[in-house]
A.B. asks: 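Handing you this structure, nothing more for now.
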Amino acid sequence: MKINDVHYRSIALNDDGWSVRIFDQRKLPWELVFVHLETMEQAAKAISEMWTRGAPMIAATAAYGFCLALRKDTSDENLESAYQTLLATRPTAVNLRWALDEMKAATLEHEGQARIEAAYKRACEICDEDVEINRKIGENGLKILRKLSKEKNGEPINILTHCNAGWLATVDYGTITAPIYLAHDEGIKVHVWVGETRPRNQGASLTAYELSQHGVPHTVIADNAGGLLMERGEVDLCLVGTDRVTRNGDVCNKIGTYLKALAAKDNDVPFYIALPYPTIDYSMESGDMVPIEERSEQEVTRIAGMSDQGDVMEVQITQSRAYNPAFDVTPARLVSGYITERGVLEKVCDGDSDEPVYAEIAA
Ligand code: MRU
């Protein structure tokens, strides 16, 4: 992803070879602020307070947080304590547990300096793998966008998205944005309806920022506008990310995704999920078992923005109490398909086996 024509990954090792650079996503789109993580505690805070966010980025940050913990103390006790601390930062995205399990498996057999080296090696691989996964999701999703463009005789395809499953939520490219960038770059006319995604506005602040940087035409809409646009035939495809897909294909994603899926079903709008394989939780049967994170009510009662004087500030929008579940579950029956790095799936698994059922995408 490029910002002002400079290529960045959302997370990277600094030149010292051990500290970690992320963006403070709370400051976007107003300011581009780099954060340098030097301790596991800082990495844990960056995840739980959402300086960084999005399932694959949570996983990547936790992987490096694990390295930072071992750098301080390579003992088994510290390894286990780092695993537990990082795991507790956010409950919903299964990628977090996946990455921590990977880190544990890569380091347990080593001791001392070799343990630190093994940790950094695996964390770097996790990041590189994520980039490759998103690139392939892009290629697989592009087939769907090409087909839609053909059906519309080259007229712009209108894609509705929710939250941010873009570059900032992954190490590079983004899950839903990878196919959009590829389509845009090859001359397919694309327009994105960006749902603002209250309460934290990841759509309005982050997805819109990313699409602007890549020059992709887009329009921010209030979350509640999605249904009307679908009724009017102004949405050709809904494309969202996910924090966890269960064996039966239920999709846990940012609160509000379910309402979009209901409106899509009622209006025959295809509803696709773009996800890396580590987001599929084969150990969980259905979506009602996914732990739904509840966040601070202040995320609902307050809102951040820039004043006419150019000051970034928060204001209060209600004096009442608020309730803030951060995710919801879209049942598999509302999902048209799952765009993964391995291909587009009709189902994430077939009966008792963990083998997916692939969808036919006509060229
Ligand atoms: O609470 P967030 O901002 O971390 O929620 C992020 C989402 O819901 C994304 O859609 C999901 O993590 C997929 S990111 C590729």
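Order of appearance sets the numbers: ligands from 1, and atoms from 1 within every ligand.
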A.B. asks: Less than 3.5 Å between some nitrogen or oxygen of R90 and one of ligand 1, yes or no?
C.D. replies: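 It does: an N or O of R90 is found under 3.5 Å from an N or O of ligand 1.
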
A.B. asks: Distance-only, no hydrogens or angles: does the T170 side chain make a donor-acceptor pair with backbone N or O of P56 under 3.5 Å?
C.D. replies: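 A pair under 3.5 Å: no.
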
A.B. asks: Please state which protein non-hydrogen atom is closest to atom 14 (S) of ligand 1 and give its distance, to 0.1 Å?
C.D. replies: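 The closest heavy atom on the protein side is A169 CB, 3.6 Å.
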
A.B. asks: Quick check: do P278 and E129 have side-chain heavy atoms less than 4.5 Å from each other?
C.D. replies: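 P278 does not reach E129 side chain to side chain.
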
A.B. asks: Is a donor on one side and an acceptor on the other found under 3.5 Å between the side chain of Y8 and the backbone of M1?
C.D. replies: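 Absent.
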
A.B. asks: What I want to know is whether A55 and ligand 1 share at least one N or O pair that is separated by under 3.5 angstrom.
C.D. replies: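 The answer is yes, given that A55 and ligand 1 share an N or O pair closer than 3.5 Å.
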
A.B. asks: Below 4.0 Å, non-hydrogen atoms only: which portion of N164 touches ligand 1? Side chain, backbone, both or neither.
C.D. replies: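 N164 to ligand 1: backbone contact only, side chain stays beyond 4.0 Å.
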
A.B. asks: So which heavy atom in the protein is nearest atom 7 (C) of ligand 1, and how far is it from that ligand atom?
C.D. replies: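 Of the protein heavy atoms, D243 OD1, 3.3 Å lies nearest.
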
A.B. asks: Is there a heavy atom in A93 that sits closer than 4.0 Å to ligand 1?
C.D. replies: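 The answer is no, since A93 has no heavy atom less than 4.0 Å from ligand 1.
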
A.B. asks: Could you check whether D223 pairs with R198 (Lys NZ or Arg NE/NH1/NH2 to Asp/Glu carboxylate O, under 4.0 Å)?
C.D. replies: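 R198 and D223: not salt-bridged.
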
A.B. asks: Can K254 be said to sit on top of F327's aromatic six-ring, NZ or CZ under 6.0 Å from centre and within 45° of the ring axis?
C.D. replies: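 Yes.
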
A.B. asks: Where's the contact between C163 and ligand 1, heavy-atom distance under 4.0 Å: side chain, backbone, both or neither?
C.D. replies: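 The answer is the side chain.
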
A.B. asks: What atoms in ligand 1 come closer than 4.0 Å to a heavy atom of A165?
C.D. replies: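 Those atoms are 14 (S), 15 (C).
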
A.B. asks: Assess R21 against F23: is NZ or CZ under 6.0 Å from the centre of the six-membered ring, and within 45 degrees of the ring's axis?
C.D. replies: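 Checked: cation-pi criterion met.
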
A.B. asks: Measuring from atom 6 (C) of ligand 1, which candidate in H162, R53, R295, E293 has the nearest non-hydrogen atom?
C.D. replies: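 Selected option, by shortest heavy-atom distance: R53.
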
A.B. asks: Tell me, which protein residue and heavy-atom name are nearest atom 9 (C) of ligand 1, and how many Å apart are they?
C.D. replies: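 Residue, atom and distance for the closest contact: N253 OD1, 3.4 Å.
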
A.B. asks: Examine the proximity of ligand 1 to M50 and report which part, side chain or backbone, both or neither, has a heavy atom under 4.0 Å away.
C.D. replies: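 Under 4.0 Å from ligand 1, M50 contributes side-chain atoms alone.
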
A.B. asks: Would you mind running through ligand 1 and noting each atom that sits below 4.0 Å from a heavy atom of G54?
C.D. replies: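 Going through ligand 1 atom by atom, the ones under 4.0 Å from G54 are 4 (O), 12 (O).
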
A.B. asks: For Q202, take its heavy atoms, then give the atoms of ligand 1 lying under 4.0 Å from any of them.
C.D. replies: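 Within the 4.0 Å cut-off of Q202, ligand 1 contributes 1 (O), 2 (P), 3 (O).
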
A.B. asks: Below 4.5 Å, heavy atoms only, C-beta onward: do C163 and T207 meet side chain to side chain?
C.D. replies: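 Contact flag for C163/T207 side chains = no.
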
A.B. asks: With heavy-atom distances below 4.5 Å as the criterion, would you say the side chains of W167 and D172 are in contact?
C.D. replies: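 In short, these two side chains touch, coming nearer than 4.5 Å.
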
A.B. asks: Ignoring angles and geometry beyond distance, decide whether T175 reaches within less than 3.5 Å of ligand 1 through its nitrogen or oxygen atoms.
C.D. replies: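 Looking only at distances, the answer is no, because the N/O contact criterion of under 3.5 Å is not met.
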
A.B. asks: What class does the angle between the rings of H214 and Y181 fall in, given that below 30° is parallel, 30 to 60° is tilted and above 60° is perpendicular?
C.D. replies: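 Ring orientation of H214 relative to Y181: parallel.
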
A.B. asks: Which bit of T279 gets closer than 4.0 Å to ligand 1, counting heavy atoms only: side chain, backbone, both or neither?
C.D. replies: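 For T279, there is no contact with ligand 1 at all, from either part.
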
A.B. asks: Below 4.0 Å, non-hydrogen atoms only: which portion of A326 touches ligand 1? Side chain, backbone, both or neither.
C.D. replies: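 Neither part.
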
A.B. asks: Measure up the Y277 and Y282 rings against each other and bin them: parallel (under 30°), tilted (30 to 60°), perpendicular (over 60°).
C.D. replies: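 If you compare the ring of Y277 with that of Y282, the planes turn out tilted.
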
A.B. asks: Does the side chain of T89 reach to within under 4.5 Å of the side chain of K45, using non-hydrogen atoms?
C.D. replies: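 No, too far: nothing below the 4.5 Å cut-off.
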
A.B. asks: Between K254 and ligand 1, find which residue part has any heavy-atom pair under 4.0 Å and reply side chain, backbone, both or neither.
C.D. replies: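 Looking at K254 and ligand 1, atoms from backbone and side chain both fall under 4.0 Å.
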
